[in-house]
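These notes are about the structure you will find just below.
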Amino acid sequence: MRSALLRGRTLAVAVPALALLATAVAPSAVAAESAAGSAYGASASVSLLPGVLGGKGITIDTGKLAASSTDGPTSASVLDAPLKGLVTAKVISSSANQSGTGGPVTSKASIVDAALPVLAPLAGSTPTARVISSQCKSTSDGITASSELVGLDLGKIGKIPVSTKPNQKLGIDGVLQVIVNEQIKHADGSLTVNALHVKLLGGDVTNALGKGDIVLASSTCAKVAGNPTTTQPGQPGQPTPPANGGGSQVTVVPVGAPETGDGSLAAVTVK
């Protein structure tokens, strides 16, 4: 375990030109069919039980919000975006870029100043987060991915784990499952990373909210062509392989993390 610093006051999150794409899709990110890289800020497809969010039972399908692709648009953002009351956020944004034809790909997605009112009955209060983000990078040497959760507190639902392992899970049996740093390897070799995937499990159990999926900060990278570098790890021109061979790092900055002398926030990154 090693300590790392994450700047709190100077945290920069790209906010590209305003765009909103609302094409209905399955909530678990699907690998791009033609684009080398793609990303979106959020999506929700749920059926809520009566009384949840103070209304009658309703079905919500937002599609992909702030979607981008290496095929274009390469960046997108939504300001002050509510997902039908399920999630609110000051900024939802994404970008997907490729260097030349067949070159390295970088996809990113982020949500700034997020709140999840739909989970308030289970958490004891409305969960909030300053930043929820994911990114993936694809080169001829492979694909790496990571997620970042800054100031996310799920209250009674459980504590967000800090681990390099992807697909960390917590929640309430039969009611809710939260997957942190979800990573999905597709048959074509591409990789999707979702910073946070909330699954409403439905059922007739006490405190059930409904059923469906909410995905926050999703990035996808396909395999790219090219000649892999042949130098040894750590030498110029060759990136050092990530821990556990998969680039699955997730950094969690706890709520109320102490400030350091230079105005940054203390964080812990496990490798």
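If you're wondering where the values come from, they're calculated on a predicted model, not measured in any experiment. Just so you know, residue 1 is the first one in the sequence shown, and it goes up from there.
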Do [X] and [Y] sit in one hydrophobic cluster, given that two such residues count as connected whenever their side-chain heavy atoms are within less than 4.5 Å of each other, even indirectly?
X    : Y    : answer
I92  : V198 : yes
I60  : L116 : yes
L170 : L149 : yes
L53  : I172 : yes
V193 : L65  : no

Between N97 and T106, is the side-chain hydrogen bond (donor to acceptor under 3.5 Å, both in side chains) condition met? List the steps.
CA-CA 5 Å; N97 296 281; T106 300; over 6 Å; no
Side chain to side chain contact (heavy atoms under 4.5 Å, CB included) for D80 and T88? Distances and angles first, verdict last.
CA-CA 7 Å; D80 297 320; T88 63; over 6 Å; no
Between [X] and [Y], does any side-chain donor sit less than 3.5 Å from a side-chain acceptor?
X    : Y    : result
S68  : S75  : no
S134 : S219 : yes
D213 : S45  : no

Might you point out which heavy atoms bring [X] and [Y] nearest each other, and give the distance in Å?
X    : Y    : value
K223 : I143 : N-CD1, 4.0 Å
T70  : A36  : OG1-N, 3.0 Å
A35  : A222 : O-CB, 4.3 Å
L154 : P127 : CD2-CB, 3.9 Å
S190 : D188 : OG-OD1, 2.7 Å
V224 : S140 : CG2-N, 3.6 Å

Apply side chain to side chain contact (heavy atoms under 4.5 Å, CB included) to L216 and N194, showing your working.
CA-CA 6 Å; L216 304 179; N194 300 319; over 6 Å; no
Quick one: does any side-chain atom of S107 pair with a main-chain N or O of G37 as donor and acceptor, under 3.5 Å?
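Not confirmed, S107 side chain does not pair with G37 backbone.
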Give a yes or no on whether the backbone of G171 and the side-chain of Q177 come within a donor-acceptor separation of less than 3.5 Å.
no
From [X] atom [atom1] to [Y] atom [atom2], the distance as rounded to the nearest 0.5 Å:
X    : Y    : atom1 : atom2 : result
L49  : K211 : CG    : NZ    : 9.5 Å
T192 : Q183 : OG1   : CD    : 9.5 Å
Q135 : S94  : CD    : OG    : 13.0 Å
S218 : L196 : OG    : CG    : 11.5 Å
L209 : L122 : CG    : CG    : 4.5 Å
I111 : K90  : CD1   : NZ    : 15.0 Å

Taking the side chain as everything from C-beta on, heavy atoms only, tell me whether [X] gets closer than 4.5 Å to [Y].
X    : Y    : value
T126 : L119 : no
S95  : K108 : yes
L200 : L176 : yes

Assess the residue pair I214 and V118 against the criterion (side chain to side chain contact (heavy atoms under 4.5 Å, CB included)); give the C-alpha distance rounded to whole Å, side-chain angles, the decisive distance to 0.1 Å, and a yes or no.
CA-CA 10 Å; I214 302 170; V118 70; 4.1 Å; yes
Working note: T59 + S47, criterion side-chain hydrogen bond (donor to acceptor under 3.5 Å, both in side chains); need CA distance, chi angles, decisive distance, verdict.
CA-CA 4 Å; T59 297; S47 294; 3.1 Å; yes
Check the pair R130, V112 against side chain to side chain contact (heavy atoms under 4.5 Å, CB included), reporting the backbone distance first and the verdict last.
CA-CA 6 Å; R130 280 174 289 168; V112 177; over 6 Å; no
